[in-house]
Peer 1: 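Sending over a structure as structure tokens; questions will come in a sec.
It should be emphasised that the depicted structure is a prediction, and the values quoted were computed from it without experimental measurement. Nothing fancy with the numbering, it's 1 onward along the sequence.
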Amino acid sequence: MTEYERSRTMPAQPEHVFDQAANIDQLNAWLPDDLHVEAAGLPAVTVHEDRTDEDMAALLRARREQMRLEWGTRGRSSYTGWLQVAGIDSGASEVTVHLSFFDDSHDPGEQAVAGALDTSLRRLEEQVRLRVDHAAG
């Protein structure tokens, strides 16, 4: 098993960050470009991975009371992950994403995963800023 984790501070209340991260209609706006999620009756989703050109049955659960998203493949244990939002001082939030790969064929490697996580967190922050700026203006 291989695990990866990245965090990013975002200048928004944790509720705003979590609501944006958990919005099923906006997932593809911040997830890595090569992953595409389609809701199939939550918590069931289908994930298409461009790298392998595979569609995989998966689960996605939002636990608002914990400010946590959890996901993983169904039927076979290829990978799981979670996103946790925590409030920090002055109305900011820290977002942590953790991935665990149980099947080496689905692990694109440390450099690729680190880049994808960093890009995803940056894109999530952009989506949060747009949402907060739009709500304020």
Side-chain angles (χ1 to χ4, degrees):
M1 177 172 76
T2 307
E3 297 185 279
Y4 303 98
E5 190 168 290
R6 284 291 214 251
S7 296
R8 185 178 183 101
T9 300
M10 299 187 187
Q13 296 288 332
E15 296 81 10
H16 296 298
V17 176
F18 180 79
D19 287 347
Q20 186 63 44
N23 183 338
I24 191 73
D25 296 325
Q26 295 292 315
L27 283 177
N28 292 324
W30 64 268
L31 287 176
D33 287 331
D34 63 343
L35 291 180
H36 312 282
V37 176
E38 183 178 316
L42 293 175
V45 295
T46 300
V47 178
H48 179 81
E49 186 177 350
D50 289 346
R51 185 177 63 89
T52 61
D53 197 31
E54 274 190 275
D55 287 333
M56 297 179 59
L59 297 173
L60 173 67
R61 287 192 173 83
R63 300 186 188 283
R64 185 164 183 26
E65 70 282 358
Q66 297 174 354
M67 297 285 173
R68 185 176 178 95
L69 289 178
E70 299 172 337
W71 60 85
T73 52
R74 288 189 312 175
R76 57 184 183 185
S77 297
S78 299
Y79 62 87
T80 63
W82 50 262
L83 176 145
Q84 181 73 53
V85 181
I88 55 177
D89 293 337
S90 69
S93 302
E94 182 175 53
V95 181
T96 301
V97 179
H98 182 95
L99 296 175
S100 300
F101 290 93
F102 303 104
D103 179 346
D104 288 340
S105 70
H106 287 280
D107 180 357
E110 183 174 359
Q111 186 174 12
V113 172
L117 290 177
D118 288 340
T119 299
S120 292
L121 287 167
R122 180 185 48 76
R123 289 168 54 170
L124 177 58
E125 181 179 4
E126 290 169 3
Q127 292 297 311
V128 169
R129 284 181 190 267
L130 287 172
R131 181 175 187 253
V132 170
D133 290 348
H134 181 69

Peer 1: May I ask whether Leu121 and Val37 are part of the same hydrophobic cluster, defined by side-chain heavy atoms of I, L, V, M, F, W, Y residues being less than 4.5 angstrom apart, directly or through others?
Peer 2: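 Linked within one cluster.
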Peer 1: So which heavy atom on Pro14 is nearest to which on Ala86, and how close?
Peer 2: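 The pair with the smallest heavy-atom distance is CB-C, 4.4 Å.
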Peer 1: Just wondering, do Glu15 and Met67 contact through their side chains at under 4.5 Å, heavy atoms?
Peer 2: yes
Peer 1: Please step through side chain to side chain contact (heavy atoms under 4.5 Å, CB included) for the pair Leu124 and Met10, ending with a clear verdict.
Peer 2: CA-CA 9 Å; Leu124 177 58; Met10 299 187 187; 3.9 Å; yes
Peer 1: On a heavy-atom basis, which atom in Pro108 and which in Phe101 lie closest, and how many Å separate them?
Peer 2: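 Here Pro108 and Phe101 meet closest at CD-CZ, 4.0 Å.
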Peer 1: Taking the side chain as everything from C-beta on, heavy atoms only, tell me whether Tyr4 gets closer than 4.5 Å to Val97.
Peer 2: no
Peer 1: Sort and list the pairs that fulfil salt bridge (charged side-chain N to carboxylate O under 4.0 Å, His left out) and have at least one residue in residues 5-14, not counting sequence neighbours.
Peer 2: Arg6-Asp118, Arg8-Glu125
Peer 1: Excluding sequence neighbours, so at least two apart, what forms side chain to side chain donor-acceptor pair (under 3.5 Å) with Glu126?
Peer 2: Arg122
Peer 1: I'd like to know if the side chain of Thr96 reaches the main chain of Ser7, judged simply by a donor and an acceptor atom lying under 3.5 Å from each other, with no hydrogens or angles considered.
Peer 2: no
Peer 1: To the nearest 0.5 Å, how far apart are CG in Asp19 and CD in Gln13?
Peer 2: 11.5 Å
Peer 1: How would you list all residue pairs meeting salt bridge (charged side-chain N to carboxylate O under 4.0 Å, His left out) that involve residues 37-47, not counting sequence neighbours?
Peer 2: none
Peer 1: Taking atom NE2 of His36 and atom CG of Leu27, what is their separation to the nearest 0.5 Å?
Peer 2: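 These two atoms lie 12.5 Å from each other.
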Peer 1: Verify the cluster assignment for Leu31 and Met56: are they in a single hydrophobic cluster under the rule of side-chain heavy atoms below 4.5 Å apart?
Peer 2: yes
Peer 1: Would you kindly confirm whether Trp71 and Met1 end up in one hydrophobic cluster when ILVMFWY residues are joined by side chain heavy atoms under 4.5 Å apart?
Peer 2: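 In one cluster with Trp71: Met1, no.
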Peer 1: If you take all heavy atoms of Ala58 and Val47, which pair is closest and at what distance?
Peer 2: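 In terms of heavy atoms, the two residues are closest at CB-CG2, 3.9 Å.
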Peer 1: Can you tell me how the ring of Trp82 sits relative to the ring of His98, calling it parallel under 30°, perpendicular over 60° and tilted otherwise?
Peer 2: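 Plane angle under 30°, so parallel.
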Peer 1: If only atom types and distance count, is the side chain of Gln84 paired as donor or acceptor with the main-chain N or O of Gln66 below 3.5 Å?
Peer 2: yes
Peer 1: Determine whether a donor-acceptor pair (N or O, by modelled atom type, separation under 3.5 Å) exists between the side chain of Ser93 and the backbone of Ala12.
Peer 2: yes
Peer 1: Any donor-acceptor pair under 3.5 Å linking the side chain of Thr73 with the backbone of Ser78?
Peer 2: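 Side chain of Thr73 to backbone of Ser78: a pair is present.
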Peer 1: If you measure from CG on Leu42 to CG on Leu59, what distance do you get to the nearest 0.5 Å?
Peer 2: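 These two atoms lie 10.0 Å from each other.
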Peer 1: Supply the atom-to-atom distance Leu83 CG to Glu70 CD, rounded to the nearest 0.5 angstrom.
Peer 2: 10.5 Å
Peer 1: Could you measure the distance from the CZ atom of Arg61 to the CG atom of Leu69? Nearest 0.5 Å is fine.
Peer 2: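 Between atom CZ of Arg61 and atom CG of Leu69 there are 12.0 Å.
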Peer 1: How long is the gap from CG on Asp33 to CZ on Arg123, to the nearest 0.5 Å?
Peer 2: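 Reported to 0.5 Å precision, the distance equals 4.5 Å.
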Peer 1: Is the shortest side-chain heavy-atom distance between Tyr79 and Thr2 below 4.5 Å?
Peer 2: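 When only atoms from C-beta onward are counted, Thr2 and Tyr79 do not touch, as no gap falls below 4.5 Å.
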